There are 2 protein chains.
Amino acid sequence: MVASGEHRAVSVRDVAALAKVSLGTVSNVLNHPEAVSAATQARVQAAMAELGFVRNESARQLRAGRSRTLGYVMLDGSNPFFTDVARGIEEEAEANDLSLYMCNSDNRAERELSYLSRLEQQRVQGILITPSDANAPILDELPRRGTPLVIVDRTREADTHCSVAVDDVLGGELAVDHLVELGHERIAFVGGPTSIGQVRERREGAFKALAKAGLDPDRLVEVETNGLTVAEGRGAGERLAGLPVRGRPSAVFCANDLLALGLLQQCVSMRIRVPEDLAIVGYDDIEFASAAAVPLTSVRQPRRQLGRTAAALLLRETRDRDHRHEKVLFTPELVVRRSTRS
Amino acid sequence: MVASGEHRAVSVRDVAALAKVSLGTVSNVLNHPEAVSAATQARVQAAMAELGFVRNESARQLRAGRSRTLGYVMLDGSNPFFTDVARGIEEEAEANDLSLYMCNSDNRAERELSYLSRLEQQRVQGILITPSDANAPILDELPRRGTPLVIVDRTREADTHCSVAVDDVLGGELAVDHLVELGHERIAFVGGPTSIGQVRERREGAFKALAKAGLDPDRLVEVETNGLTVAEGRGAGERLAGLPVRGRPSAVFCANDLLALGLLQQCVSMRIRVPEDLAIVGYDDIEFASAAAVPLTSVRQPRRQLGRTAAALLLRETRDRDHRHEKVLFTPELVVRRSTRS
DNA sequence: CCCGGTGAATGAAAGGTTTCAATTGAGCTG
DNA sequence: CAGCTCAATTGAAACCTTTCATTCACCGGG
């Protein structure tokens with residue numbers, strides 16, 4: 001047992017000395033126990049326990065040339081969606097005996113850059129990222145310098161990375177198909193800013209659904225927001241309520257659940273009945289969607305699986321000698337609840 | 001520019017060769033630029049850029065004997081409370097130019113253990129943890145072997161660690177004080193299992209408030225749950241509604257917001273008016289508390305500051321020569337919203 | 001002209017691990 | 001018992017960085 005004052009770290013050398021073997025043997029006990037006789041193993045293990053030996057990961061990494069860690073740079077740590085994706089990544093990492101660095105860029109380019117640089121210096125095996133800008137040049141530089149990188153929940157035209165995403169156009173289509181089937185003709189889309197790819201694609205899906213149903217796409221009422229938050233959803237609710245009754249929609253498709261929850265809350269406080277006066281569809285199916293006062297119809301994405309698959313692609317890229325980039329596109333699913341079903 | 005095939009890592013040695021200086025000089029450019037002439041610095045910088053040099057953090061760590069990273073093992077990654085605490089820790093880490101390993105034990109002892117062991121092997125500067133069991137022996141072993149450890153959102157009798165927590169007894173008291181002031185006499189407490197310290201303390205606060213008001217503490221209606229989730233909250237709502245009208249409480253204090261939200265949802269679907277028929281107080285003041293159909297009165301904890309303070313204590317412990325453990329206790333605050341205000 | 005001083009650059013050593021070619025020793029065959 | 005095999009063990013080298021004592025070159029003062 002080490003005295004609690006000065007801590008000179010216990011190294012394999014110390015263990016070797018106590019067990020009266022060479023330090024190579026100690027290393028073998030740790031990494032190739034089959035090559036060491038049982039008696040020696042026991043002696044070494046005893047010495048390790050007595051000294052409180054803890055492997056030094058830095059030295060291992062240095063020797064190995066790469067770490068046993070992945071990095072995940074997420075766009076928004078306070079959004080349950082990304083937390084769930086992280087969970088999937090974590091599962092896959094754990095299954096491969098790897099650690100995971102989780103970083104939160106908070107949608108700020110400079111934080112993102114700083115984290116990426118850190119991860120590169122750490123020599124992580126690879127990086128998963130939901131980038132704030134899918135065209136940032138750093139995303140190309142990292143793989144070129146030897147750190148594989150997989151893009152999560154975004155895609156890119158060019159064939160430069162593996163990526164994993166969900167078909168947001170289809171998701172938008174599912175949502176509006178559902179509303180059309182229920183007989184709604186005057187439908188609103190709430191979301192923004194349009195700089196966000198997801199918002200554009202989900203809206204595009206809405207247009208497609210309308211066109212398919214033979215409705216005039218121009219009649220889609222668009223309410224643009226400045227972000228995908230509950231507060232913005234409330235604001236959108238006020239604006240919708242302010243429309244002249246003739247032009248007011250009977251159904252709304254929101255670009256995500258936070259918007260939808262804010263909108264719902266605003267409706268309740270303004271005595272607009274959901275779904276009788278206004279049907280609402282959200283997107284993401286976060287946990288609170290089903291827990292809302294009026295449970296929310298929403299488009300579900302396979303979040304965990306998104307993470308697992310992204311991590312699996314990354315691992316394949318690190319192992320394959322000759323690697324071809326792959327883009328995986330998942331299919332979303334509509335979950336119908338009371339907010340559209342009267 | 002490196003060819004994209006084989007990647008022999010670029011090291012200071014390569015940079016030195018290209019810049020025609022010794023490798024010690026390259027290191028000086030990185031760590032003590034004031035000791036290097038401007039001309040040489042420029043030459044070295046150019047060489048680094050040309051070769052795409054990336055510092056090897058493992059080697060630095062090995063040389064330095066410790067990493068430049070903290071570790072945070074959180075109890076439940078999908079609970080917004082812990083995400084916010086993490087955010088605070090991250091801020092403090094960033095301010096000190098440290099990285100942060102975020103790990104999610106998911107309230108499972110074996111995962112917790114595995115992460116702690118990993119962090120120790122990484123030679124992190126220190127560990128922050130919300131332990132599943134505050135008395136686990138590993139919590140003592142780590143500091144003894146040289147890794148400082150701070151306990152977050154829990155306290156311990158013994159004076160063995162720094163810790164940061166919020167006064168949960170006071171929080172419970174605030175909640176029930178408020179209900180008593182509104183004239184409620186028959187009050188329920190919803191929460192469980194009682195193996196969770198927070199649940200016990202918040203309930204104790206409720207008792208204190210009742211006693212203080214001269215009400216018989218035995219009249220507190222206790223509804224024990226199997227966890228702190230939305231689903232459990234719904235179940236509690238059903239049980240409350242099943243009580244004979246005479247014994248039914250007019251107000252409920254829930255051990256956290258998830259329970260409260262579930263309860264609220266159940267009330268709405270059973271046409272129990274909130275707050276007219278039943279007033280509800282939650283705990284944590286998560287974002288969705290204010291976004292609920294009936295905005296929720298809740299007890300707010302300084303989550304970010306909890307994280308920041310914990311990290312600051314940890315850093316002080318790593319720096320101070322002679323350290324005395326410190327316990328910080330924050331004060332919660334009642335946020336009144338519509339769920340109690342008719 | 002020499003000396004001391006100063007600013008800049010050098011090169012070896014250290015840090016803990018893993019790997020691998022080399023060595024040892026025991027057991028077996030002929 | 002010589003020669004061989006095989007399993008177990010050894011010890012040195014390599015991974016990359018930082019530090020620090022040393023060296024070098026140059027300048028001004030005596």
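These numbers were taken from a predicted model, which means no experiment stands behind them. Reminder, nothing fancy here: chain letters follow the sequence lines and each chain counts from 1.
- In this model, the phosphate group of dC20(C) is not approached by any side-chain N or O of His32(A) to a distance below 4.0 Å at OP1 or OP2.
- Within the nucleic acid shown, Ser58(B) has no heavy atom closer than 4.0 Å to any nucleic acid atom.
- With salt bridges taken as basic N to acidic carboxylate O contacts below 4.0 Å, none links Arg118(A) and Glu57(B).
- Contact annotation: Asn56(A) does not reach the phosphate of dT17(C) (side-chain N/O to OP1 or OP2, under 4.0 Å).
- Between dC15(D), dT18(C), dT18(D), one nucleotide has an atom nearer to the side chain of Leu62(A) than all others, and that is dC15(D).
- For a distance-only test at 3.5 Å, the side chain of Arg63(B) qualifies as a donor-acceptor partner of the base of dT18(D).
- Of the side-chain N and O atoms in Arg60(A), none sit less than 4.0 angstrom from OP1 or OP2 of dC15(D).
- Checking Thr40(B) against Ser37(B) by side-chain atom types alone, a donor-acceptor pair falls below 3.5 Å.
- Atom-to-atom, CG of Leu23(A) to P of dT19(C) comes out at 13 Å; the value is rounded to the nearest Å.
- One atom, CZ of Arg66(A), and another, P of dC16(D), lie 14 Å apart when rounded to the nearest Å.
- Arg55(A) places its CZ atom 18 Å from the C1' atom of dG15(C), with the value rounded to the nearest Å.
- Note on ring orientation: taking the six-membered ring where Trp is involved, the planes of Tyr101(A) and Tyr101(B) are parallel (angle under 30°, cut-offs 30° and 60°).
- Following rounding to the nearest Å, Gln121(B) (CD) and dT17(C) (P) show an atom-to-atom distance of 10 Å.
- A straight line from CG of Asn28(A) to P of dT18(C) spans 10 Å, rounded to a whole angstrom.
- Lys327(A) has no carboxylate O lying under 4.0 Å from a charged side-chain N of Glu157(A), or vice versa, which leaves the two without a salt bridge.
- OP1 or OP2 of dT10(C) lies within a sub-4.0 Å distance of a side-chain N or O belonging to Ser22(B).
- With 3.5 Å as the limit, one finds no donor-acceptor pair spanning the side chains of Gln122(A) and Asn56(B).
- Between Gln122(B) atom CD and dG16(C) atom C1' there is a gap of 15 Å when expressed in whole angstrom units.
- Applying the 4.0 Å criterion to OP1 and OP2 of dC16(D), one finds that Ser11(B) has every side-chain N and O outside that range.
- A sub-4.0 Å separation between OP1 or OP2 of dA9(C) and a side-chain N or O of Ser37(B) is present.
- Here dT18(C) is the nucleotide among dT9(D), dT18(C), dT17(D) with the atom lying nearest to any side-chain atom of Asn31(A).
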